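Basis for what follows: all heavy atoms, side chains included, without hydrogens, waters or symmetry-related copies. Source: prediction; values computed, not measured.
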There are 2 protein chains.
Amino acid sequence: MPKMSDVAKLAGVSTATVSRVLRNPDTVTPSTKEKVLEAINQLNYQPNMLARHFRRTETNTILVLVPNISNTVFSEIVGGIEEEAAQNGYRVLLRNTNNQLENEYASIEHLKQRQVDGMIMLSPKLDEETLIEISHQYPIVLATAHLETPTIPFVSIDNVRSSEKATEHLIRLGHRRVAHISGPMYSLISRNRYEGYQNAMKNHGLNPEDKFVREGEFTYESGYEHMLDLLSQKEVPTAIYAASDDMAIGAINAANELGVKVPEDLAVVGFDNIKFASMFNPSLTTIAQPLHGMGQRSMELLLKKLNGEAISQTEHVLPDKLIIRDSCGAKHKEKLLPM
Amino acid sequence: MPKMSDVAKLAGVSTATVSRVLRNPDTVTPSTKEKVLEAINQLNYQPNMLARHFRRTETNTILVLVPNISNTVFSEIVGGIEEEAAQNGYRVLLRNTNNQLENEYASIEHLKQRQVDGMIMLSPKLDEETLIEISHQYPIVLATAHLETPTIPFVSIDNVRSSEKATEHLIRLGHRRVAHISGPMYSLISRNRYEGYQNAMKNHGLNPEDKFVREGEFTYESGYEHMLDLLSQKEVPTAIYAASDDMAIGAINAANELGVKVPEDLAVVGFDNIKFASMFNPSLTTIAQPLHGMGQRSMELLLKKLNGEAISQTEHVLPDKLIIRDSCGAKHKEKLLPM
DNA sequence: TTGTAAGCGTTATCAC
DNA sequence: GTGATAACGCTTACAA
């Protein structure tokens with residue numbers, strides 16, 4: 001493999017000049033630049049990135065921590081990150097944490113060892129204090145995460161408000177016994193969504209009763225189990241808002257199994273707008289997050305940090321959207337109740 | 001940040017010894033090892049990986065080329081790769097090709113510039129000749145790919161045989177007008193699956209007519225469109241084998257829309273066993289590939305290449321499985337026709 | 001067993 | 001505008 005000194009020799013210049021041609025082409029006279037480029041071409045020279053990274057102590061690589069790469073929600077965000085990164089000459093290193101806290105801890109080593117220039121964490125499990133501490137030392141950005149005290153840049157939607165919308169939609173369809181299957185309560189997102197559910201209920205003079213609330217884990221199985229449970233009570237909900245589409249689909253299948261028809265007997269609203277939400281039968285009414293855009297925005301923020309630019313705004317709340325399909329029964333109604 | 005020389009100074013040894021403690025602990029006496037480890041601890045020393053990589057001209061990083069990270073088929077394979085890689089001290093760099101040939105080409109640069117030690121390509125689009133040429137220079141492994149002349153290690157299932165099984169299953173349920181929605185024909189996998197369909201038909205004395213075959217693109221939309229088309233003919237199929245679950249689901253929804261009931265009026269078999277296959281209504285009969293295992297095996301093979309071990313076997317065909325659920329109507333039948 | 005010292009290929013700091 | 005040269009931090013012959 002030819003090295004820079006080979007190019008220099010062939011072009012009759014010094015390595016310094018070759019380096020300049022590569023990195024600051026304007027600081028060198030056109031004629032010598034010509035010669036150098038010619039030599040580079042002739043030798044088919046490729047700069048040794050390892051040497052460059054070493055010398056410059058930067059890698060042009062960022063790390064993305066993903067709770068579960070097979071979850072379409074995360075993989076779409078990664079897609080957005082990847083695109084923005086590629087456009088800016090950065091590569092994306094991926095790490096599956098499998099929802100394990102220890103894997104998040106372990107990933108910090110990559111930053112410490114300067115193996116990556118920065119990190120984007122999707123739905124981090126680490127406590128806020130630790131995150132802030134990391135953030136003091138390394139460039140990090142959070143996505144689908146929300147902080148009580150936003151000192152670290154993060155990208156998210158307004159989970160409280162979106163949950164209010166989802167719940168309100170069900171209430172305006174005339175439902176009063178609206179149940180909620182939440183995500184795990186250790187996650188702030190889940191707590192926010194739960195809060196939104198409660199707000200909407202109270203705002204409409206309804207009492208969010210404990211017997212209509214279940215703590216799930218965002219998974220199909222947890223939605224399925226909790227729905228079976230909810231429907232086995234004496235008083236049964238007529239509508240349910242699940243904090244993820246996976247859970248919503250689980251809930252619908254559980255209802256079906258008990259002969260409860262969706263949306264006729266049970267109205268369902270989910271969250272995430274996964275690819276299958278529109279393919280499922282009945283198609284899912286759900287909250288759509290701008291996943292690709294969230295990935296992009298996260299990378300934009302990280303780029304700013306990497307370039308030493310000041311980030312005036314750390315809280316980046318993108319607009320979500322309630323997508324009305326069949327599972328809520330809205331299409332059978334003539335009109336909604338007033339707000 | 002403390003460097004190796006700091007550790008050496010504190011421990012009262014040379015950097016060479018520190019290096020040895022880190023990489024060949026057995027070649028140094030326990031007592032000095034003790035001292036060095038003590039110093040490392042005290043300084044909270046982390047080796048500078050950039051320097052190490054540079055010096056050793058290796059990165060402990062591999063590149064995975066993914067046609068589409070949001071596709072659960074690929075993300076599950078990536079999961080398997082990731083796991084095996086992590087266990088062996090390798091990191092996984094991810095690159096989305098978006099099914100673009102030029103992105104596959106561009107990724108070779110990473111290898112040339114020694115930014116990664118090796119590469120796993122999922123469903124590569126590059127022609128066999130080019131792949132072989134790359135393989136002569138760099139360690140690569142293919143997954144969900146099949147070569148005519150297997151000179152590069154690859155991991156796959158037997159797509160011809162699995163398609164035969166899928167088609168045969170429908171035939172044994174009594175269907176004679178069995179249609180096929182294939183993947184894009186530029187892909188060998190699609191051609192193999194088509195071949196399997198044809199084999200099964202012919203083996204049972206049926207004629208695989210052109211009017212019952214459509215070339216899709218593995219996507220939901222293409223399955224949907226082609227099904228509408230198939231059902232608009234005078235003679236209509238009673239069963240369909242789609243080369244992907246996404247297409248199968250599209251086909252089912254198209255049928256539903258036309259009032260054709262699945263499985264009563266139309267039996268459907270898909271391919272991939274995506275997560276959603278079991279959640280869909282009707283649940284999908286489909287071919288399951290051992291995705292996680294395929295990822296793992298690919299990484300195992302790449303590790304062998306990276307370690308300079310000989311790979312005696314390049315063709316790694318893992319077992320697939322026909323998973324019988326509701327969409328094919330088998331559960332309504334008393335028994336299948338004989339083979 | 002341990003230390004010395006010469007690189008690895010690039011970039012940055014000086015002079016010129 | 002260009003060149004000489006000293007790093008960057010680690011690894012590894014080779015010597016002791």
Open item on the list: Let me confirm one number: the CD1-OG1 distance from B/I152 to B/T314, rounded to the nearest 0.5 Å.
Closed with: 9.5 Å

Task: Spatial distance of atom CG (B/L94) from atom CZ (B/F74) [nearest 0.5 Å] - done: 12.0 Å

Is any side-chain heavy atom of [X] closer than 4.5 Å to a side-chain heavy atom of [Y]?
X: A/K305; Y: A/S135; answer: yes
X: A/V28; Y: A/V13; answer: no
X: B/L122; Y: B/P67; answer: yes
X: B/Y105; Y: B/T130; answer: yes
X: A/R52; Y: B/Q113; answer: no
X: B/M121; Y: B/T97; answer: no
X: A/I69; Y: B/I69; answer: yes
X: A/R55; Y: B/F54; answer: no

Task: Under-4.0 Å salt bridge between A/E109 and A/K112 - done: yes

Open item on the list: If you take any heavy atom closer than 4.0 Å to DNA chain D, which residues from residues 3-11 of chain B end up in contact?
Closed with: B/K3, B/M4

Open item on the list: Within residues 112-119 of chain B, which residues have any heavy atom lying less than 4.0 Å from an atom of DNA chain D?
Closed with: none

TODO: For B/E217, look at atom CD and say whether over 12 heavy atoms of other residues, nucleotides or ligands are found less than 6.0 Å away.
DONE: no

Open item on the list: Around atom CD of A/E133, are there more than 12 heavy atoms from other residues, nucleotides or ligands closer than 6.0 Å?
Closed with: no

Heavy atoms only, 4.0 Å cut-off, all strands: where does [X] land among base, sugar-phosphate and nothing?
X: A/T29; value: sugar-phosphate
X: B/V13; value: sugar-phosphate
X: B/R23; value: sugar-phosphate

Task: Range on DNA chain D touched by chain B, heavy atoms, distance below 4.0 Å - done: D/dG9 to D/dT12

Task: Results of ring-ring contact (aromatic ring centres under 6.0 Å, His included) for A/F154 - residues two or more places apart only - done: A/H146

TODO: Start with the C-alpha distance between A/S123 and A/T144, add both sets of side-chain angles, then the distance that settles side-chain hydrogen bond (donor to acceptor under 3.5 Å, both in side chains), and finish with yes or no.
DONE: CA-CA 5 Å; A/S123 300; A/T144 56; 2.9 Å; yes

Task: Close residues, residues 43-57 of chain B, relative to DNA chain C [heavy-atom separation under 4.0 Å] - done: B/F54, B/R55

Task: 5' precedence on DNA chain C between B/D26 and A/S19 (nearest-nucleotide basis) - done: B/D26

Open item on the list: Quick check on the helix from C/dT1-D/dA16 to C/dC16-D/dG1: what's the angle between its two end axes, five base pairs per end, to the nearest 10°?
Closed with: 30°

